Number of protein chains: 4
Amino acid sequence: MIAGDPAKRSGTPSAERGRLDKRRAIVEAALRVFSQVGYAQASVDAIAAEAGVAKPTIYNHLGSKENLFRHVMTEMAARDNGKALEALEFFPTGPADLRTSLEAVARKLVDCYRDEQSEAVRRLLYAEVVRFPDLFDAVQASGPDQFIEALAGRLARLANAGLLSLKDPVRAAHQFIALVYDELPRMSAYGTRSLGQTEVDKVVADGVDTFLRAFRMR
Amino acid sequence: MIAGDPAKRSGTPSAERGRLDKRRAIVEAALRVFSQVGYAQASVDAIAAEAGVAKPTIYNHLGSKENLFRHVMTEMAARDNGKALEALEFFPTGPADLRTSLEAVARKLVDCYRDEQSEAVRRLLYAEVVRFPDLFDAVQASGPDQFIEALAGRLARLANAGLLSLKDPVRAAHQFIALVYDELPRMSAYGTRSLGQTEVDKVVADGVDTFLRAFRMR
Amino acid sequence: MIAGDPAKRSGTPSAERGRLDKRRAIVEAALRVFSQVGYAQASVDAIAAEAGVAKPTIYNHLGSKENLFRHVMTEMAARDNGKALEALEFFPTGPADLRTSLEAVARKLVDCYRDEQSEAVRRLLYAEVVRFPDLFDAVQASGPDQFIEALAGRLARLANAGLLSLKDPVRAAHQFIALVYDELPRMSAYGTRSLGQTEVDKVVADGVDTFLRAFRMR
Amino acid sequence: MIAGDPAKRSGTPSAERGRLDKRRAIVEAALRVFSQVGYAQASVDAIAAEAGVAKPTIYNHLGSKENLFRHVMTEMAARDNGKALEALEFFPTGPADLRTSLEAVARKLVDCYRDEQSEAVRRLLYAEVVRFPDLFDAVQASGPDQFIEALAGRLARLANAGLLSLKDPVRAAHQFIALVYDELPRMSAYGTRSLGQTEVDKVVADGVDTFLRAFRMR
DNA sequence: AATGAATGAGGTTTCATTCAT
DNA sequence: AATGAATGAAACCTCATTCAT
């Protein structure tokens, strides 16, 4: 990103740049098409049209429809995971406004989960787990697993600070997510219908409330 | 039509019986195939072979691949819902062994959810919600919605008995399910890998524990 | 057709009667369907539904779709031919009002040709002549050939009466039909669009006029 | 694009040439197959085999069986019309050998009409007018209508030259065609059986004779 | 590197026909 | 005699992939 004048550079890199741009366009177009019609019903023709390239170009870059799908899923999952980890930076570390701070973080996390692309990736993962079991593992390792670890760490810090009473921080992290998010997918038809902000906030607040009732040090 | 040994009756009933048998075979075969390869990639040929009938027979009975899919989903979802409601009958009503009873019920429920067919239907629903939004509604109405209501009623009874402290039984019902089940799909790769009974039981026990810490009357 | 009480007759004839009724219903239903969608695209299912019988009943009566088609075509063609021959009975034999009488007969004939069923049969014959060459011969022999002979006889009588000057009455008969009818099929899109009576009458009158200019004894 | 030996030019033009060749081969093969088995019973497989291309190539070029049929009909009708109009160039303009010249032109015209492809198109048009009413209009407008106008013009010139006595040249044009052609389709089983040249010539000569008896200035 | 054209394989669906009742 | 159910064959059309340019 921090290049000099690309025109001054030797031929290959700028060509390489165009090549990467095209690759990126293909992958993003593919996510759009896959998420709208599903893996099997997405035609490479449609993806090529959406990306504005010729069909063989896709094969030149990605090799096959299956491989294209793998790249779409892993790259998008990694991007989603990054956003969720960012949200964790606002996690509270002290007693001040514990409930308010937790709710704020939970809302940020839920917003990440409810992001359209994120839900699309999750639907595709659910749909194709039988045919692409390795994809499930890749996404899980690069996404939720890392995230749960990070969240567990934050919760453990609060426990160390004497604010929470936790036996198993990892389990608690799972339960935190379950409490603030689990009801939402069914409310939004797995992310295909938009929800009112107030009903989302109520679910989050109730989840945090239950979490604190269970784990706040008395 | 008026009972009696059907085998002894004249042609029509037994023919009707045979017809229904064939229809049932088709629907069950279709679930197997759909759940293994997905809706779009399931060929009617494969379903016919799995059901042991000729392809046009499927069209005679169900009309189209899409209609077949709808029937598979709604009929299977209704069946799953029935099992879950049965499990609720063992819900505790008194203080005796509250934790133990809740854990027992939760294990039964989780077993229903973890049933292979049940997970397959859920995966297909997740996968096809964009293409079949009405199916989502039908399944939701005939399944989870009814079940959550029933569970909320049971929890409200415990609250009335002075055993739990609940503001919103429906929300609590959602949270109960979230706590005892939510972690499992990711552990089992959305139901495609089997879990050890002890790890499942640990999740359930921890979920019930958190639930009781939050809601047991002190 | 001139029976006593059919109920008094022995079982077979009345059964036979019902059987013939059903056969007739099938053939007439078949013409309707064939003429609307063509031979190949007419499904035996649709014909059975139109006739109000079960599909195998058609096979019991007519043996096969092809045979059914043959019967439809020959029976309808014979019926049409009968009507055309009837129209010839009004053919003039003397000098009185020769033009007026010829026009009247020509109008009747053209009405026969323009009849909806008649046009439908002609379209089907045209369409299937490659696949059913024998049908063409059967229809030709039982219809147009007979009719042309009859018309030629009528014209010859007029010639004998010194009213027309004809070398070849059969050729003249063909030309008469050509002059009064030939333009109409293209005007009516081969019988699929209705024509105004006045434009039809004009064609007929002009045809008769040309015929008389060519053949009236001077 | 600017002439020159196309074989020597760079890729695009010759590729385009190849593409058009393939399209032409498809359309011509399609007419052969359609005319032999009819529209509905013609399989795209058979057309592909006859054209020596793969089935999807047909869909790439023409889009659908129905569209292919439309193109076959309109292109062939236009071609036939061109030949008929060419024949008109030999139409007499002066009194010299009027009968002989008219017979010569009529024979040329009848040869156009009796051409195998031309009869095939007419049969298909007749057969499918119910399902493709727009095709009838398109063919009529690009073919017979133009031709009748041209023929009427030629006849009007003869009238102006004082050779014919015509009130309505368009009607006379229709009648000319009717007299010299109308009998032939039934003689040749709608163009599916070949006729002897002498019987054809006799019909034509008799038709011209009747036409001249009716319209030659006395 | 990128593309237009072509294809083999396989998809859903329809249909004429037969069998058991 | 009449029917509901079942089927084998074949139809139209789509698609992932490759080749020549």
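Protein chains get the first letters and strands the later ones, always in sequence-line order, with residue 1 at the start of each. Model, not experiment: these values are computed from the prediction.
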Name all residues meeting the side-chain contact (heavy atoms from CB on, under 4.5 Å) criterion together with [X]; count only those two or more places apart in sequence or in a different chain, and write none if there are none.
| X | answer |
| --- | --- |
| A/Thr192 | A/Arg123, A/Ala189, B/Val129, B/Val130 |
| C/Ala46 | C/Val33, C/Ser43 |
| D/Ala54 | D/Pro56, D/Thr57 |
| C/Ala127 | D/Ala127 |

Would you say the base of E/dT7 and the side-chain of D/Lys55 have a donor-acceptor pair closer than 3.5 Å?
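Side chain to base: no pair present.
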
Would you mind telling me which of F/dT14, E/dT18, E/dT14 lies closest to the side-chain atoms of D/Pro56?
F/dT14

Pull out every residue in residues 38-50 of chain A that has a heavy atom closer than 4.0 Å to any atom of DNA chain F, ordered by number, or say none.
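Close to the strand are A/Ala42, A/Ser43, A/Val44.
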
Give the residues of residues 63-72 of chain C touching DNA chain F, defined as any heavy atom closer than 4.0 Å, sorted by residue number.
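None, since no heavy atom is under 4.0 Å.
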
Check whether any side-chain N or O of D/His61 sits under 4.0 Å from OP1 or OP2 of E/dA5, and answer yes or no.
no

Can you work out whether D/Tyr59 or B/Val53 has the more 5'-proximal nearest nucleotide on DNA chain F?
B/Val53

Whole-Å distance between [N] [atom2] and [X] [atom1]?
| X | N | atom1 | atom2 | value |
| --- | --- | --- | --- | --- |
| B/Asp21 | F/dA6 | CG | C1' | 15 Å |
| D/Asn60 | E/dG8 | CG | P | 13 Å |
| D/Arg23 | E/dG4 | CZ | C1' | 17 Å |
| A/Leu62 | E/dA1 | CG | P | 15 Å |
| A/Ile58 | F/dT18 | CD1 | C1' | 15 Å |

If we only count heavy atoms from C-beta on, is the A/Leu31 to A/Val121 side-chain gap below 4.5 Å?
yes

Taking the side chain as C-beta and beyond, is there a heavy-atom pair between C/Val139 and C/Met76 under 4.5 Å?
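With C-beta onward as the side chain, the pair stays apart.
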
If the condition is side-chain hydrogen bond (donor to acceptor under 3.5 Å, both in side chains), which residues does D/Asn67 pass it with, not counting sequence neighbours?
none

A/Glu28: what forms a salt bridge (charged side-chain N to carboxylate O under 4.0 Å, His left out) with it, not counting sequence neighbours?
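With sequence neighbours excluded, A/Glu28 shows a salt bridge (charged side-chain N to carboxylate O under 4.0 Å, His left out) to A/Arg24, A/Arg79, given in chain and number order.
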
Under the salt bridge (charged side-chain N to carboxylate O under 4.0 Å, His left out) test, which residues partner B/Lys65, sequence neighbours left out?
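So B/Lys65 forms no salt bridge (charged side-chain N to carboxylate O under 4.0 Å, His left out) with any residue.
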
Qualifying side-chain hydrogen bond (donor to acceptor under 3.5 Å, both in side chains) pairs, either residue in residues 30-42 of chain B, two or more places apart:
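Passing the test, one end in residues 30-42 of chain B: B/Arg32-B/Glu50.
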
Enumerate the side-chain hydrogen bond (donor to acceptor under 3.5 Å, both in side chains) contacts for residues 126-137 of chain A, please, sequence neighbours excluded, ordered by first and then second residue.
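For residues 126-137 of chain A: A/Arg70-A/Asp134, A/Glu128-A/Arg131, A/Asp137-B/Arg193.
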
Pairing string, 5' to 3', for DNA chain F - Watson-Crick or wobble contacts under 3.5 Å, brackets [ ] where pairs cross, | to another strand:
.||||||||||||||||||||

